[in-house]
Amino acid sequence: MTEVPSARGAEVGRRIGVGLMYGLWRPRVLGAWRVPATGPAILAVNHSHNIDGPMVMGVAPRPTHFLVKKEAFVGPLDPFLTGIGQLKVDRSGADRTAITRALGVLEAGGVLGIFPEGTRGEGDFAALRAGLAYFAVRSGAPVVPVAVLGSSGRPGRLIKALPPLRSRVDVVFGDPFEAGDGTGRRTRTALDEATERIQKQLTTHLENARRLTGR
């Protein structure tokens with residue numbers, strides 16, 4: 001039996017995130033009320049900087065379990081990330097353990113965080129992996145688009161790998177939507193259609209978020 005990540009751990013992670021993100025930067029959070037207050041939900045986050053995950057963890061209204069590449073679980077970060085309920089995923093193939101644990105989070109009514117682009121890039125949702133569609137269709141959980149803007153604009157003076165300290169980072173939550181067509185089908189065609197539906201929704205949300213924030 002695969003162990004489901006700790007919900008209590010994710011809440012601890014959220015509190016750490018709140019302290020760090022609000023302490024180091026000036027997050028402006030828009031639409032957090034759109035995240036369903038209870039029940040399973042998937043946060044689909046664009047990914048252009050390393051702080052995007054911790055930032056969403058810190059500003060989301062509910063504790064979030066992110067799928068994180070296994071390469072991040074090195075040294076002391078390994079027990080720390082596991083302890084705060086984050087999910088290690090091997091991106092070289094279908095990681096059955098990670099998939100089972102992620103579905104376990106949703107079955108338990110938790111919030112799963114995913115970077116649907118798979119790797120850090122432009123953060124514009126241009127290339128989506130099928131993983132998000134699979135989790136959404138299989139679990140029936142609504143997908144909440146999340147746009148993080150301002151994290152990758154310019155490097156910080158003190159630490160080049162981070163945005164400038166006390167700079168503003170916008171996090172915009174969109175309306176939840178169903179990725180599947182309502183039939184519960186999980187065929188390749190159904191997943192392809194769901195991926196297309198998701199991409200359209202996420203791209204539209206990102207355009208709206210940029211307009212809203214002026215970024």
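Heavy-atom basis, side chains included; hydrogens, waters and symmetry copies ignored. Everything numeric in this text was worked out from a predicted model, so none of it was measured.
Without hydrogens or angle criteria, H205 side chain to V172 main chain gives a donor-acceptor distance under 3.5 Å. Checking side-chain atoms of R197 against main-chain N and O of A179 turns up a donor-acceptor pair under 3.5 Å. Although no hydrogens or angles enter the test, the distance criterion places a donor-acceptor pair under 3.5 Å between the side chain of Q86 and the main chain of I84. In this structure, the side chain of W25 engages the main chain of P164 through a donor-acceptor pair within 3.5 Å. Proximity of a side-chain donor or acceptor of H47 to a complementary backbone N or O of F115 within less than 3.5 Å is not detected. Remark: the backbone N or O of G23 is paired with a side-chain donor or acceptor of R166 at under 3.5 angstrom. Listed for the R34 side chain is no donor-acceptor partner under 3.5 Å among the backbone atoms of P145.
In this structure, the side chains of I51 and P163 come closer than 4.5 Å at one or more pairs of heavy atoms. By the 4.5 Å heavy-atom criterion applied to side chains, V148 and V169 are counted as neighbours.
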*Check step by step if side chain to side chain contact (heavy atoms under 4.5 Å, CB included) holds for D170 and R215.*
CA-CA 9 Å; D170 291 323; R215 288 187 184 267; 2.7 Å; yes
*Could you walk me through whether R91 and E71 pass the side chain to side chain contact (heavy atoms under 4.5 Å, CB included) check?*
CA-CA 10 Å; R91 296 177 305 174; E71 290 82 359; 4.1 Å; yes
*In sequence, state the C-alpha distance, the side-chain angles, and the governing distance for L43 and T64, and then conclude on side chain to side chain contact (heavy atoms under 4.5 Å, CB included).*
CA-CA 8 Å; L43 303 185; T64 308; 3.8 Å; yes
_If you apply the rule side chain to side chain contact (heavy atoms under 4.5 Å, CB included), what do you find for V89 with K70, and how did you get there?_
CA-CA 5 Å; V89 61; K70 71 169 188 181; over 6 Å; no
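For E11, the salt bridge (Lys or Arg N to Asp or Glu O under 4.0 Å) partners two or more places apart in sequence, or in a different chain, are R14, R15. Taking the salt bridge (Lys or Arg N to Asp or Glu O under 4.0 Å) definition, one finds that R26 meets it with nothing, sequence neighbours left out.
Within the model, atoms NZ of K69 and CG of D90 stand 12.5 Å from one another, a figure rounded to the nearest 0.5 Å. With rounding to the nearest 0.5 angstrom, the CG atom of L87 is 11.0 Å from the CZ atom of F66. To the nearest 0.5 angstrom, L24 atom CG is 6.0 Å from L165 atom CG. Separating the CG atom in L132 from the CD1 atom in I198 is a distance of 4.0 Å, to the nearest 0.5 Å.
Of all heavy-atom pairs between V143 and A44, the closest is CG1-CB, 3.9 Å. Contact between F135 and L106 at its shortest, heavy atoms only, is O-CD1, 4.1 Å.
Apart from V74 itself, the hydrophobic cluster it occupies contains nothing, where clustering links Ile, Leu, Val, Met, Phe, Trp and Tyr at side-chain heavy-atom distances under 4.5 Å.
Under a 4.0 Å N-O distance rule, the pair D78/K88 qualifies as a salt bridge.
For R28, the CZ atom sits in a packed shell: over 12 heavy atoms of surrounding residues, nucleotides or ligands are nearer than 6.0 Å.
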